[in-house]
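Beneath this line is the structure, given in structure tokens, with notes to follow.
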Amino acid sequence: MESTTDAAPSRGAVVNLLTLKLVGIGLFAAVVNWSAMMISGPLGLVRIGLFALGNVVVCWLVVDAVFAALDQLLESKLHDWE
């Protein structure tokens, strides 16, 4: 039996958390891309590799954050129906 203190987060809280996560991911992406572009000289393949790898990680983090928010929203809807 669930206690009444295990309330699902509100829609506004989920949206605010998602916004903060996406802003943090955007800052991380800017740092990773800036770092990859600053590598110069004979390390051209390393620069391209870091740029591609960094953007794959950023895409993964965005998808993870969005699906986590959707999961929380669905849980709150199910909690409202009970």
Side-chain angles (χ1 to χ4, degrees):
M1 189 168 204
E2 288 185 35
S3 67
T4 58
T5 59
D6 292 336
S10 68
R11 180 178 177 195
V14 172
V15 170
N16 289 338
L17 183 61
L18 178 62
T19 302
L20 288 175
K21 283 182 180 180
L22 291 178
V23 167
I25 292 168
L27 292 174
F28 173 73
V31 168
V32 167
N33 289 330
W34 179 79
S35 299
M37 297 310 287
M38 288 298 113
I39 296 175
S40 61
L43 302 175
L45 290 178
V46 173
R47 177 182 7 187
I48 293 170
L50 285 175
F51 187 76
L53 182 64
N55 285 316
V56 167
V57 169
V58 166
C59 287
W60 177 262
L61 290 172
V62 168
V63 168
D64 182 57
V66 169
F67 277 101
L70 287 173
D71 184 46
Q72 287 180 342
L73 287 173
L74 286 173
E75 283 183 18
S76 70
K77 269 295 191 206
L78 288 174
H79 187 359
D80 289 343
W81 286 353
E82 290 179 349

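Being a predicted model, the structure only gives us computed values, none of them experimental. Computation of the quantities below employed the complete heavy-atom set of this structure, encompassing side-chain atoms and omitting hydrogens, waters and symmetry-equivalent molecules. In this chain, numbering begins with 1 at the start of the sequence shown.
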For residues 25-33, run the donor-acceptor check on the side chains, cut-off 3.5 Å, and write out each pair with its distance to 0.1 Å, sequence neighbours left out.
unit_1 : atom_1 : unit_2 : atom_2 : d
Asn33  : OD1    : Asn55  : ND2    : 3.4
Asn33  : ND2    : Ala29  : O      : 3.2
Asn33  : ND2    : Asn55  : OD1    : 3.4

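- Looking at every heavy atom in both residues, Ala69 comes nearest to Val14 through O-CG1, 3.6 Å.
- Leu61 and Leu20 sit in two unconnected hydrophobic clusters of ILVMFWY residues. Membership requires side-chain heavy atoms under 4.5 Å apart, directly or through other members.
- Sorted by first and then second residue, the side chain to side chain donor-acceptor pair (under 3.5 Å) pairs involving residues 14-28 (not counting sequence neighbours) form an empty list.
- Residues in residues 58-72 take part in no side chain to side chain donor-acceptor pair (under 3.5 Å) pair, two or more places apart or across chains.
- Under the 4.5 Å side-chain heavy-atom criterion for Ile, Leu, Val, Met, Phe, Trp and Tyr, Val57 and Val66 are members of the same hydrophobic cluster.
- Clustering of Ile, Leu, Val, Met, Phe, Trp and Tyr side chains at separations under 4.5 Å leaves Leu74 isolated, with no partner residue.
- The CG atom of Leu22 lies 9.5 Å from the CG atom of Leu17; values are rounded to the nearest 0.5 Å.
- Linking Ile, Leu, Val, Met, Phe, Trp and Tyr residues whenever their side-chain heavy atoms come within less than 4.5 Å leaves Val58 and Val23 in two separate clusters.
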